[in-house]
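Following: one structure in structure tokens, then a few remarks.
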Protein chains: 2
Amino acid sequence: MQPSDGKARTKSEKTRLRILDAAAKTFRDKGYSATRLADIAAAAGTQAGSLYYHFDSKEQLLDEVLQRGHGRVAETVRMRIGALGPAASFRDRLRAAILAHLEINLRHDDYAAANIHLHNQIPAAIRRRHIAKHRTYAAYWQELLAEAQAAGEIGQDVDISMARLNLFGMMNWSIEWYRPGRLDIGELADNMCRTLFDGIGSPSPGGMAET
Amino acid sequence: MQPSDGKARTKSEKTRLRILDAAAKTFRDKGYSATRLADIAAAAGTQAGSLYYHFDSKEQLLDEVLQRGHGRVAETVRMRIGALGPAASFRDRLRAAILAHLEINLRHDDYAAANIHLHNQIPAAIRRRHIAKHRTYAAYWQELLAEAQAAGEIGQDVDISMARLNLFGMMNWSIEWYRPGRLDIGELADNMCRTLFDGIGSPSPGGMAET
DNA sequence: GTCTATATAGAGATAGAC
DNA sequence: GTCTATCTCTATATAGAC
């Protein structure tokens, strides 16, 4: 179950998934407009005209890539947190969520990464639904952070919305620079979690704290 | 001196700058491939064919937008830090740098924001030079952070490269979500600086620290 | 189901009038 | 300098053979 979802039955279904995989990868790498159907076809080992047996349009191809990608990220993050059990600290939950988000986007899945990478290139016709999904996902993290604050693990004066945006920034920017192999994703997740909670300042600072 | 650089002399130069402003804004909003020359022309109040009196190609237009944008960001950040004088703490320098980077990208300048927004859409022909400039800019921040660590303002065990990438993530992701008016950029900069140095965790944490 | 060939539209770029 | 008209190429999408 690396790309697509593997459980293809008929030959037609298999081809369809191969095309989707190729589309996800190509969209992710080149962007929506810069991707030609011929690029997707080549990556899938077929011809541009043949895509139309499986899909109605380039836009529909993108739509399905984005939907699948989003679904997997959201599911995986919820699952991983659920697996921790009710006794886990919120810091541990956050760490697990960050790790899941990063693993999916950086290793597994062009579908997921396309959601972030094409964030601002989605054609108007399908943008509304995808923005709604992103909002739902953001709200999930917002709730997680709010609970952590209520439990006393995050400072009472912290603006939770800003904290979420800063965290998303760290995580989502990593798909711009991360290349597999050099750095372990687990270390990356730990680092982001530690930075978010503890900061990078020296334990005994010389200056002031805040306003 | 809001857009372009204002000091246009001849009518031709003024038009040229108006076209550049339009190109920066359109590229920034729609991306490179999705932008048509007709869009730029419309935004500049002229016709697509007329652009060729001032520029050789769409690619050259992008090239100049990116170069101008990068130049302004780099200059402004260096200037602001220089203005602080040698006695300033590194935390104050970082805060000033963050503020400058955010102000340019979020308020002033489509040229600057295009550099971030089109980061992965730059055509191969001109990519090399721009990547080199981004590396130089990154190295500048890296040095700033390294000096802060040497001065004891950042923990000795902190990975400076990761800290830089996390900070860039927070800052650069903000151009995806920030909309003028709702939130003061100064507050945003303070928040990011505070998050980076101090983290958002409660002063008296219940759990463990690190590995 | 997949191919090749093609219809059709839209893009970047050029030419020449004004 | 800017316009309109147009060349040319490329892209999405369709049609029909196999």
Side-chain angles (χ1 to χ4, degrees), chain A residues 4 7-66 114 118 121-127, chain B residues 4 7-66 114 118 121-127:
Chain A
S4 72
K7 52 189 172 197
R9 302 174 216 301
T10 72
K11 188 190 170 200
S12 174
E13 257 179 81
K14 271 175 69 175
T15 305
R16 196 186 137 87
L17 287 177
R18 210 176 62 238
I19 293 170
L20 271 173
D21 287 349
K25 176 169 173 41
T26 315
F27 282 144
R28 190 239 119 104
D29 288 346
K30 309 181 59 163
Y32 179 68
S33 294
T35 293
R36 295 159 303 179
L37 292 181
D39 297 328
I40 296 175
T46 183
Q47 302 301 315
S50 309
L51 303 181
Y52 286 87
Y53 177 79
H54 303 278
F55 300 92
D56 290 340
S57 69
K58 182 182 176 182
E59 209 167 67
Q60 192 214 322
L61 214 34
L62 175 67
D63 193 35
E64 191 160 338
V65 165
L66 294 179
L118 305 186
Q121 303 177 43
I122 303 176
I126 61 174
R127 193 183 305 161
Chain B
S4 72
K7 51 189 172 199
R9 302 174 215 301
T10 72
K11 187 190 171 201
S12 173
E13 257 179 81
K14 271 175 69 175
T15 306
R16 196 187 137 85
L17 287 176
R18 211 176 60 239
I19 294 170
L20 272 174
D21 288 348
K25 176 171 173 40
T26 315
F27 283 144
R28 190 238 118 105
D29 288 347
K30 308 181 61 163
Y32 179 67
S33 294
T35 293
R36 295 160 302 180
L37 291 180
D39 297 328
I40 296 175
T46 183
Q47 301 301 315
S50 310
L51 303 180
Y52 286 87
Y53 177 79
H54 302 277
F55 300 92
D56 291 338
S57 68
K58 182 182 177 184
E59 209 167 67
Q60 192 214 323
L61 214 32
L62 176 67
D63 193 35
E64 190 159 339
V65 164
L66 294 179
L118 304 187
Q121 303 177 44
I122 304 175
I126 60 175
R127 194 182 305 162

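Just so it is clear: chains get the letters A, B, ... in the order the sequence lines come, proteins before strands, and each one is counted from 1. Quantities reported herein were computed from a predicted structural model and do not represent experimental measurements.
Distances were taken from every side-chain heavy atom of A/S57 (C-beta onward) to each of C/dG12, D/dG1, D/dA13; the shortest belongs to D/dA13. Between C/dT14, D/dA13, D/dT2, one nucleotide has an atom nearer to the side chain of B/K11 than all others, and that is D/dT2. You'll find that the side chain of B/Q47 is closest to D/dT4, out of C/dA13, D/dT4, D/dT12. In this structure, the nucleotide among D/dT12, D/dG1, C/dG1 sitting nearest to the side chain of B/H54 is D/dG1. Distances were taken from every side-chain heavy atom of B/R36 (C-beta onward) to each of D/dT12, D/dT2, C/dG12; the shortest belongs to C/dG12. Of all nucleotides listed (C/dT14, D/dG1, D/dC3), D/dG1 comes nearest to the side chain of B/Y53. Among the nucleotides D/dC3, C/dC3, C/dA13, the one closest to any side-chain atom of B/Y52 is C/dA13.
Taking side-chain N and O atoms only, B/T15 has no distance below 4.0 Å to OP1 or OP2 of D/dG1. Close to D/dG1, at under 4.0 Å from its OP1 or OP2, lies a side-chain N or O of B/S12. For the pair B/S50 and D/dG1, the criterion of a side-chain N or O lying under 4.0 Å from OP1 or OP2 is not met.
Minimum interatomic distance between B/K30 and B/R36 (heavy atoms only, all atoms of both residues): NZ-NH2, 4.1 Å. The two residues A/A48 and A/A41 have their closest heavy-atom pair at N-CB, 3.4 Å.
For A/K25 and A/D29, the salt-bridge test passes: some basic side-chain N is under 4.0 Å from an acidic carboxylate O. Classification of A/E13 and A/R18 as a salt-bridged pair fails, no side-chain N sitting under 4.0 Å from a carboxylate O.
Atom C1' of nucleotide D/dG1 and atom CZ of B/F55 are separated by 14 Å, given to the nearest angstrom. When the C1' atom of C/dT14 is taken as reference, atom CG of B/L51 falls 13 Å away, rounded to whole Å. Taking atom CG on A/L61 and atom C1' on D/dA11, their separation rounds to 15 Å, with Å as the unit. Counting to the nearest Å, the C1' atom of C/dG10 and the NZ atom of B/K30 are 13 Å from each other.
Judged by the 6.0 Å distance and 45° axis criteria, A/K58 is not positioned over the aromatic ring of A/F27.
Here A/S33 lies out of heavy-atom contact (under 4.0 Å) with every strand. Counting any heavy atom pair closer than 4.0 Å across all strands shown, B/T46 reaches sugar-phosphate atoms only and no base atom.
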